[in-house]
Peer 1: 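Supplied in structure tokens, the structure appears directly below.
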Amino acid sequence: MGARQSGKGKGGGKAGGRVGGAKAPGGKGKPPQLGLFGGEAPAGKGGGARKKPRRARGPAASGEAPALEELQSPLPMVQQEQVRTPAADVGSEPADAEPAARGKRGKRVKSVAESMAARQREISVSEFFTKNRHLLGFDNPAKALLTAVKEAVDNSLDACEEAKILPEIEVGIEQLGETRFRVRVVDNGPGIVRGQIPKVFGKLLYGSKFHRLKQSRGQQGIGISAAAMYGQLTTGKPAVIISRTGAGRPAHRFEVKIDTRKNNPEWTEAVCDWEREHGTSVELELDAVYRGGRRSVDQYVEQTAIANPHMRITYRNPKGEERAFERLTTELPREATEIKPHPQGVELGVLMTMLKDTRGRDLRGALMRDFSRVSERVALMICEAAGLAPSTRPRSLKTEQLEALHRAMGQVKVMNPPTSCVVPIGEELIRKGMEQGVQADFFTSVTRDPAVYRGNPFQVEVGLAWGGQLPSEELCNLIRFANRVPLQYQQSDCAITRAVMETDWRHYRVQQSRGALPSGPLVILVHLASVWVPFTSESKEAVARYPEIVHEIKLGLQICGRRLSQHLSARRREAEEGRKRSYIETYIPHIGLALKELLKLSERQERDVVDTLTDTLRRSRAAV
């Protein structure tokens, strides 16, 4: 049978169909039949009416029939590798790929891999934390209320200290329903620039503190925006922010929501009247539970007042009870300075990025410019240990050379980083804060010298209170701080708790069971200040167990423990002396009576003898 062509198309006509019963590559539906040599067979049965043939895909579109060897070969042809864009891999078939499987009607059937690829897409950080909000401290209603207050107060304190303003903060919690609360935190800080408000409260991982080595309460740019996101998820209400940057400038009111699919803010704004000259007000509505006692907002506010004696804070709980914590000092903490990374605390990947972005012309200049405590002599020593020329261009270093440089930076002795970036509370202020909040009769505190872990400076402070009205039959009350922020959850996973448990308190006359906290009328306060606190999770509730940090905490605990032991020994001596004195004083009247009978003394002389003996006893025991 001769070959026939039908239909018109691009390039001279449309060709398609079958060859010997095989479907042409890329065809759709029922293509017209081809003869053995590529011609078109009559459509339909018995020469009936023919439908207009569809345009074929693949090689048949050019009018050329597929090679007979390709059609009859039982094995697929070996494909050559291609460089494809992600868009080309999803939803499209490469030109040289194997012919896709066809359904009964000739429709293309996607493979399992293609179906899986079609479902893949980018996940925004907001979407991730929406499903994993427990990582941010919103894993139960009571903790969610505490976390929301904490994030807002932390931001207020950081802003006031950076602007050199003595903080005055108001915290109010209003109960709207059985499980619905409105949290409002107002400060007297410098305010927030109008254009930054939506990003600060409506975009996760947005902030100014992540990329600098300087002590601050916030670190990651997640906290307050996560609190706003939690309120939006549980109540559908936006975060309401009012801020003014100075007297005579307008106050702006924003209602901010987060587009969790894109991690972008959505907001409305308006100019409003506000009585404060400068500052910020944050109002969040969320589902939560209010509880008093330990691990509550009440306890958080009390502990925050201890760690921040320069702050005045007013707190009103959902019951309407108001309490004010006055500041203990009118001096702001010393401003922490920003430092450069230390050579011994930089990982290989970070080093690669730094050298790629450096402004130094050669390796020696880059080391001196971008790292702290690296002088010209130290830079030359590092280059020599790495086997690299000081004049080498940093961007031209290969992976092997970068690895050698990283090893050399850890081997060469470099001075510890400057400690001006760390600001402790101070021994005196810790003691005053504990005296204000703890009812005890003995207080002591110590501030350790700064130390370094992974090239990051840190400083440990320890406070201790004993006796008074503290419960004597319970485990000690451990108060943990990191950069002046109370840590109230995940106590068992914290390096501070581990250091307290590993200290042998029996040497200091304090009861302790094996593997447990000490027991008795005891309160222990530990504060860790650092440019980068190694938290175990994004919720910032526990400190990672770095050996250097645990060691420094133990040394501080031992100093306070020795002072407590001396205090307890003195108290025991006083008690023993009092017991002995009471025994002797019991017999002094009998001695006076016996002397009266032997020496024929008068009543007056007997009283003088008793008084003289009593006075002599007291003076002699006092001298001991």
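As a basis for the values below, the full set of heavy atoms in this structure was taken, side chains included, without hydrogen atoms, waters or symmetry mates.
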Peer 1: Under the rule for side chain to side chain donor-acceptor pair (under 3.5 Å), what residues qualify as partners of T147, not counting sequence neighbours?
Peer 2: none
Peer 1: Does any part of the side chain of V531, heavy atoms only, come nearer than 4.5 Å to the side chain of F458, both counted from C-beta?
Peer 2: no
Peer 1: Is the backbone of T392 close enough, under 3.5 Å, to the side chain of S396 for a donor and an acceptor to pair up by distance?
Peer 2: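 Answer holds: no.
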Peer 1: With a 6.0 Å cut-off (strictly less than), is the heavy-atom count around NZ of K432, excluding the residue itself, greater than 12?
Peer 2: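 Count not over threshold, so no.
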Peer 1: Considering only heavy atoms from C-beta outward, does the side chain of P238 approach that of V256 to under 4.5 Å?
Peer 2: no
Peer 1: Drop me the distance from R545's CZ to T536's OG1, to the nearest 0.5 angstrom.
Peer 2: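 If I round to the nearest 0.5 Å, the distance is 9.5 Å.
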Peer 1: Does K150 qualify as a cation-pi partner of Y300, given the criterion of NZ or CZ under 6.0 Å from the six-membered ring centre and within 45 degrees of its axis?
Peer 2: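 Judged by the rule, K150 and Y300 form no cation-pi pair.
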Peer 1: Atom SG in C476, atom CG in L522: separation rounded to 0.5 Å?
Peer 2: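 So the gap between those two atoms works out to 5.0 Å.
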Peer 1: Where do F481 and L528 land on the side-chain contact (heavy atoms from CB on, under 4.5 Å) test, with the steps shown first?
Peer 2: CA-CA 6 Å; F481 292 99; L528 174 67; over 6 Å; no
Peer 1: Answer yes or no: is there a donor N or O on one side and an acceptor on the other, between the side chain of N308 and the main chain of M311, under 3.5 Å?
Peer 2: no
Peer 1: When you measure from the side chain of R480 to the backbone N and O of Y489, does any donor-acceptor pair fall under 3.5 Å?
Peer 2: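 Indeed, once roles are kept as given, a pair shorter than 3.5 Å links the two residues.
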Peer 1: Under 3.5 Å, is there a donor-acceptor pair linking the side chains of E461 and T447?
Peer 2: yes
Peer 1: For residues 540-561, pull every pair meeting ring pair (Phe, Tyr, Trp, His ring centres under 6.0 Å), keeping only residues two or more places apart or in separate chains.
Peer 2: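 Those involving residues 540-561 are Y453-Y546.
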Peer 1: Is a side-chain N or O of R562 found less than 3.5 angstrom from the main chain of L557, in a donor-acceptor match?
Peer 2: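 No; zero donor-acceptor contacts below 3.5 Å.
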Peer 1: Short question: side chain of D259, backbone of N264 - any donor-acceptor pair under 3.5 Å?
Peer 2: no
Peer 1: Which pair of non-hydrogen atoms, one from R448 and one from L555, has the smallest distance, and what is that distance?
Peer 2: NH2-CD1, 3.2 Å
Peer 1: Are I479 and P486 side-chain neighbours, meaning at least one heavy-atom pair lies under 4.5 Å?
Peer 2: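 Side-chain contact under 4.5 Å: no.
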Peer 1: Is there side-chain contact between I339 and P457, with at least one heavy-atom pair below 4.5 Å?
Peer 2: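 The answer is yes, as the side chains (C-beta and beyond) meet within the 4.5 Å cut-off.
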Peer 1: Anything under 3.5 Å between a donor and an acceptor, one on a side chain of residues 356-366, the other on a protein residue two or more places apart or in another chain? List them.
Peer 2:
| from | atom 1 | to | atom 2 | distance (Å) |
| --- | --- | --- | --- | --- |
| T358 | OG1 | G360 | N | 3.1 |
| T358 | OG1 | D370 | OD2 | 2.7 |
| D362 | OD1 | G365 | N | 2.7 |

Peer 1: Okay, side chain of H342, backbone of M415: is any donor-acceptor separation there less than 3.5 Å?
Peer 2: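 Checked: pair present.
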Peer 1: Return the NZ to CD distance between K540 and Q490, rounded to the nearest 0.5 Å.
Peer 2: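 Answer rounded to 0.5 Å: 13.0 Å.
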Peer 1: In Å, rounded to the nearest 0.5 Å, how long is the span from CD1 of I258 to CH2 of W267?
Peer 2: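 Reported to 0.5 Å precision, the distance equals 12.5 Å.
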Peer 1: What do the steps show when you test L478 against V500 for side-chain contact (heavy atoms from CB on, under 4.5 Å), and what is the final call?
Peer 2: CA-CA 9 Å; L478 177 59; V500 175; 4.0 Å; yes
Peer 1: For the pair W505 and Y508, name the ring-plane relationship: parallel under 30°, tilted 30 to 60°, perpendicular over 60°.
Peer 2: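 Aromatic pair W505/Y508 classed perpendicular.
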Peer 1: With a 6.0 Å cut-off (strictly less than), is the heavy-atom count around CD of E266, excluding the residue itself, greater than 12?
Peer 2: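 Buried by this count: over 12 neighbours within 6.0 Å.
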Peer 1: Run the side-chain contact (heavy atoms from CB on, under 4.5 Å) check on V350 and M354 step by step: do they pass?
Peer 2: CA-CA 6 Å; V350 178; M354 293 180 66; 4.0 Å; yes
Peer 1: State, yes or no, whether a side-chain contact exists between V374 and M409 at a heavy-atom distance under 4.5 Å.
Peer 2: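 No, every pair of side-chain atoms sits at 4.5 Å or beyond.
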Peer 1: State, without any angle test, whether E541 and Q488 hold a side-chain donor-acceptor pair at a distance under 3.5 Å.
Peer 2: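 Q488 and E541 do not have a side-chain donor-acceptor pair below 3.5 Å.
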Peer 1: Spell out, as yes or no, whether a donor-acceptor pair under 3.5 Å connects the side chain of S243 to the backbone of I192.
Peer 2: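 At least one qualifying donor-acceptor pair exists.
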Peer 1: Just wondering, are more than 12 heavy atoms of other shown residues or ligands nearer than 6.0 Å to CD in E548?
Peer 2: yes
Peer 1: Could you tell me whether a side-chain N or O of H527 sits under 3.5 Å from a main-chain N or O of V462, the two making a donor and an acceptor?
Peer 2: no
Peer 1: Can you tell me if E161 and H310 form a side-chain donor-acceptor pair at under 3.5 Å?
Peer 2: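 Checked: E161/H310 side chains pair up, N/O donor to acceptor below 3.5 Å.
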Peer 1: May I ask you to test the R373-P418 pair for a side-chain heavy-atom distance under 4.5 Å?
Peer 2: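 Answer yes - side chains close enough.
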Peer 1: First locate atom CE of M229, then atom CD of Q232, and finally report the distance between them rounded to the nearest 0.5 Å.
Peer 2: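 One gets 8.5 Å once the value is rounded to the nearest 0.5 Å.
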Peer 1: Has the side chain of T497 got a donor or acceptor atom that lies under 3.5 Å from a matching backbone atom of D493?
Peer 2: no
Peer 1: To the nearest 0.5 Å, what is the distance between OG (S513) and CE (M501)?
Peer 2: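 That separation rounds to 10.5 Å.
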Peer 1: Run E403 and L397 through side-chain contact (heavy atoms from CB on, under 4.5 Å) and show every step you take.
Peer 2: CA-CA 10 Å; E403 291 178 353; L397 293 175; over 6 Å; no
Peer 1: Please name the residue in the list I553, I524, I549 that meets the side-chain contact (heavy atoms from CB on, under 4.5 Å) test with I496.
Peer 2: I553
Peer 1: If you count the non-hydrogen atoms of other residues, nucleotides and ligands that lie under 6.0 Å from CD in E502, is the total more than 12?
Peer 2: yes
Peer 1: Count the heavy atoms belonging to other residues, nucleotides or ligands that lie under 6.0 Å from CZ of R393, then report whether that count exceeds 12.
Peer 2: no
Peer 1: Check whether any side-chain heavy atom of F254 lies under 4.5 Å from a side-chain heavy atom of V200, and answer yes or no.
Peer 2: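 SC-SC contact between F254 and V200 ruled out.
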Peer 1: Do S375 and V378 come within less than 4.5 Å of each other through their side chains, counting heavy atoms only?
Peer 2: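 S375 vs V378: side chains touch.
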Peer 1: Measure from the side-chain N and O atoms of N477 to the backbone N and O of V523, and report whether any donor-acceptor pair falls under 3.5 Å.
Peer 2: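 Here the side-chain-to-backbone pair does not exist.
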